[in-house]
Amino acid sequence: MAGVDVGFPRPDCARAAVVVLRYPDLTLCEQVVIEQQVDFPYRTGLLAYRELPAVLAAVARLSTQPNLFLCDGQGTAHPRRFGIACHLGVLLDCAAIGVGKTRLSGRYQQLGEQRGARAPLMVADEQVGYALRSRQGCNPLYVSAGHRISQESAAEWVMRCCRQFKLPETTRCAHRLASG
DNA sequence: GCGACAG
DNA sequence: ATCTTGTCGC
C-alpha cells in the first residue's frame, strides 16, 4: 500500500512524496520524493489540480506497483463527489482512499469515543464516507472512497494502517518526507 | 443574503 | 499548506 503527500518549501514549489509500505507490518519498501513548480492556486474543491501533477510525477518513478493508495484529502466526500483521491485512483487505474483531517462535505452524528468508532458522513440522504475515530481522544478522520473500493473497506483499511497515532502510517511517512 | 470552505 | 510558543491532557 502507498501513501502520498505534498509539501511546499516555497509558495511556487511542490515537494511530493510517495511511500510504499508492506502490509501488515507497515515497513517501508520504497520512497520517492520530487520537486516541481506549481502553477495552479489552492482552491477549495480543486485541490487535485494543484497537488496531483507533482504526485503523479513521483509515482511514475516508483519501481514497485502499489495496489492501494491513501491520499491526504477527500475522495467522494467532496462537493462534486470527486476529490483528489478519486482523481488519483482514476488516473493511475488503482484503488484509492481519501483520508481528510478536516471536513469538506457532509454532516455526521456524534460518534463514540473509542478507537474504531465511526459515523456515516451524509449529504442529504446520500452517504459520502465516514467520520472515523482512528485514535481515542482525537478528532475523527474523514474517510471516503477514492476509486475501486467501498466506503466500508476504505474505513477498514484506514484503521488497519493506523497504529499508535491518529494518522495512518502511510500518511505519516509521506508527510515526514514532504514536509517536516 | 449568510456562512462554509480538503491541503 | 505555511508562519510559530507555550500549554494542557493522556
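Every chain is numbered from 1, with letters handed out A, B, ... down the list of sequences.
- Note: CG (A/L167) to C1' (B/dA6) measures 14 Å, nearest angstrom.
- Under the 4.5 Å side-chain heavy-atom criterion for ILVMFWY residues, no single connected hydrophobic cluster contains both A/M1 and A/L91.
- If you take CG of A/D5 and P of B/dA6, they are 15 Å apart, rounded to a whole angstrom.
- Residue-level contact check: A/L46 touches the bases, meaning some heavy atom is under 4.0 Å from a base atom.
- Across all strands, A/F8 comes closer than 4.0 Å only to sugar-phosphate atoms, never to a base (heavy-atom distances).
- Residue A/F40 contributes atom CZ, which lies 16 Å from atom C1' of C/dA1 at whole-angstrom precision.
- Note that OG1 of A/T171 and NZ of A/K166 are 11.5 Å apart. Values are rounded to the nearest 0.5 Å.
- The CZ atom of A/R80 sits 12 Å away from the C1' atom of B/dA6 (whole-angstrom rounding).
- Residue A/T44 places no side-chain N or O under 4.0 Å from the OP1 or OP2 atom of B/dG7.
- Atom CZ in A/R43 sits about 12 Å away from atom C1' in B/dC5, given to the nearest Å.
- Because its NZ or CZ atom is both nearer than 6.0 Å to the ring centre of A/F8 and within 45° of the ring axis, A/R50 counts as a cation-pi partner of that residue.
- A/H87 has its ring centre less than 6.0 Å from the ring centre of A/Y49.
- Under the stacking definition used here (centres under 5.5 Å, planes under 30°), the residue A/Y42 qualifies as stacked on the base of B/dG7.
- Contact annotation: A/Y142 does not reach the phosphate of B/dA6 (side-chain N/O to OP1 or OP2, under 4.0 Å).
- For B/dA6, the OP1/OP2 oxygens have no side-chain nitrogen or oxygen of A/K101 closer than 4.0 Å.
- Per the geometry, CG belonging to A/L121 stands 15 Å off C1' belonging to B/dA4, to the nearest Å.
- Remark: A/T102 is in phosphate contact with B/dG7, judged by side-chain N or O atoms under 4.0 Å from OP1 or OP2.
- Residue A/S179 is classed as a sugar-phosphate contact, given heavy-atom separations below 4.0 Å to backbone atoms only.
- Distance CG/A/L132 to CG/A/N139: 12.5 Å, rounded to 0.5 Å.
- Within 4.0 Å (heavy atoms only), A/G45 reaches at least one base atom of the nucleic acid.
- If you check every strand for non-hydrogen atoms under 4.0 Å, A/G137 touches nothing.
- Distance CG (A/L47) to P (C/dA1): 10 Å, rounded to an integer number of Å.
- Between the P atom of B/dA6 and the OH atom of A/Y130 lies a distance of 23 Å, rounded to the nearest Å.
- For A/H78 and B/dC5, the shortest distance from a side-chain N or O to OP1 or OP2 is not below 4.0 Å.
- Take the nearest nucleotide of DNA chain C for A/A178 and for A/Q136: the residue whose nucleotide is more 5' is A/A178.
- Ring centroid separation for the pair A/Y130 and A/Y142 does not come in under the 6.0 Å cut-off.
- Closest approach to the A/R103 side chain among C/dA1, B/dC5, B/dA6 is made by B/dC5 (side chain taken as heavy atoms from C-beta onward).
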